[in-house]
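A short worksheet on the structure shown next.
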2 protein chains.
Amino acid sequence: MKKSKAYRSEAAAAIHETATGLFEAGVIDKRTMREFDDSCLTPIHEFTPGEIRALREREQVSQTVFAHHLNISKDSISQWERGEKRPAGPSLKLLSLIERKGLASIA
Amino acid sequence: MKKSKAYRSEAAAAIHETATGLFEAGVIDKRTMREFDDSCLTPIHEFTPGEIRALREREQVSQTVFAHHLNISKDSISQWERGEKRPAGPSLKLLSLIERKGLASIA
DNA sequence: GACAAGTATAGTACAAAGTTCTACAATTAG
DNA sequence: CTAATTGTAGAACTTTGTACTATACTTGTC
């Protein structure tokens with residue numbers, strides 16, 4: 001996965017709707033629209049074991065409950081926090097969402 | 001992953017906050033709280049290749065763009081839709097979120 | 001028309017994620 | 001004291017997801 005520019009999510013959402021309208025009206029082309037689309041995604045980055053634990057503790061849940069929210073096993077959370085394994089693709093997306101918008105946003 | 005009861009997400013969110021308050025006030029115990037927590041999660045189910053494609057087309061995006069949103073490769077989306085591989089744990093969670101709340105909800 | 005770019009299929013090979021199982025502490029609840 | 005919860009630890013195992021090709025259809029542009 002490559003880079004992705006950072007935008008404030010709420011502002012981005014609003015602007016995005018406007019852009020969608022412009023696209024449908026034929027004001028901006030497909031290419032611009034797609035690249036714009038990408039730039040609106042929540043920035044995704046790697047997480048250190050400590051960051052994962054801090055994130056979970058911020059949300060005040062046990063490894064088991066945290067795992068349920070991510071739809072993975074509790075063992076995996078333990079492995080992430082101990083640095084035995086590192087979360088990948090879709091898991092990083094979910095962690096980024098939690099970091100930005102809180103655990104409730106993916107409930 | 002086990003079962004999970006279905007609740008309307010908005011109503012559930014409100015009720016959940018109330019329950020959290022009750023827990024903090026000591027009215028309900030930890031166990032009840034945790035089980036309640038689980039029941040509030042968006043129900044997760046398997047997706048057939050056709051359902052995945054239908055979901056993507058409902059959101060009007062190409063495989064590439066869809067992949068970016070899920071933070072996976074475009075090849076994986078293609079494989080899902082052709083039934084060559086099946087989305088697992090965290091991927092299913094994201095698909096379920098999109099199905100319930102739309103692609104924008106995980107932007 | 002020719003040419004490039006975007007979209008999707010198809011096949012291979014591979015690393016690593018995530019699962020499941022077990023056992024063992026430490027803490028807390030009843 | 002007993003039982004349940006929480007987290008660590010290590011193992012073997014399955015399969016996702018990646019990366020790399022090549023091909024074909026469509027679309028837009030010069």
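Lettering follows sequence order; numbering is per chain, from 1. Here the structure is a predicted model, which means the values were calculated and not measured.
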Review point. Between C:dA16 atom C1' and A:Ile72 atom CD1, what is the distance in whole Å?
Key: 15 Å
Check your understanding: Quick one: is B:Gln63 getting a side-chain N or O under 4.0 Å of the C:dT9 phosphate, OP1 or OP2?
Key -> yes
Practice item. Would you mind reading off the distance between A:His68 atom NE2 and D:dT6 atom P, rounded to a whole angstrom? Key: 11 Å
Exercise for review: For residues A:Ile98 and A:Leu70, determine if any side-chain heavy atom of one lies less than 4.5 Å from a side-chain heavy atom of the other.
Suggested key: yes
Point to revise | Nearest-nucleotide comparison on DNA chain C, the residue closer to the 5′ end among B:Arg53 and B:Gln79 | key: B:Arg53
Practice item. Look at the side chain of A:Glu57 and the backbone N and O of A:Ala54, then say whether any donor-acceptor pair between them is shorter than 3.5 Å. Key: no
Check your understanding: For B:Ser76 and D:dT18, is the shortest distance between a side-chain N/O and OP1 or OP2 below 4.0 Å?
Key -> yes
Exercise for review: May I ask you to say whether A:Glu81 pairs ionically with A:Arg56, meaning some side-chain N is under 4.0 Å from a carboxylate O?
Suggested key: yes
Review point. Can you tell me how far P of D:dG17 sits from CG of B:Leu95, to the nearest Å?
Key: 9 Å
Review point. Between B:Asp75 and B:Ala88, which is nearer to the 5' end of DNA chain D once each is assigned its nearest nucleotide?
Key: B:Ala88
Review point. How long is the line joining CD of B:Glu84 and P of D:dT16, in whole Å?
Key: 10 Å
Exercise for review: Quickly work out the B:Arg82 CZ to C:dG11 P distance and round it to whole Å.
Suggested key: 8 Å
Point to revise | Interatomic distance where NZ belongs to A:Lys85 and P belongs to D:dG17 [whole Å] | key: 15 Å
Exercise for review: Take A:Pro90 and B:Ile77, find for each the nucleotide of DNA chain C with the closest heavy atom, and name the residue whose nucleotide sits nearer the 5' end.
Suggested key: B:Ile77
Review point. What is the distance, rounded to the nearest whole Å, between atom CG of A:Leu94 and atom P of C:dA17?
Key: 16 Å
Exercise for review: For C:dG18, take OP1 and OP2 only and decide whether either is under 4.0 Å from a side-chain N or O of A:Trp80.
Suggested key: yes
Check your understanding: Under 4.0 Å between a side-chain N/O of B:Ser78 and OP1 or OP2 of C:dA8, yes or no?
Key -> no
**Study point:** Residue from B:Arg53, B:His69, B:Arg82, B:Gln63 passing side chain to side chain contact (heavy atoms under 4.5 Å, CB included) with B:Ile77
**Key:** B:Gln63
Revision key, fill the gap. Nearest-nucleotide check on DNA chain D, B:Ser91 vs A:Arg56; residue mapping nearer the 5' end is A:Arg56
Check your understanding: Nearest-Å distance, NZ (B:Lys74) to P (D:dT21)?
Key -> 12 Å
Check your understanding: Below 4.5 Å, heavy atoms only, C-beta onward: do B:Trp80 and B:Ile72 meet side chain to side chain?
Key -> yes
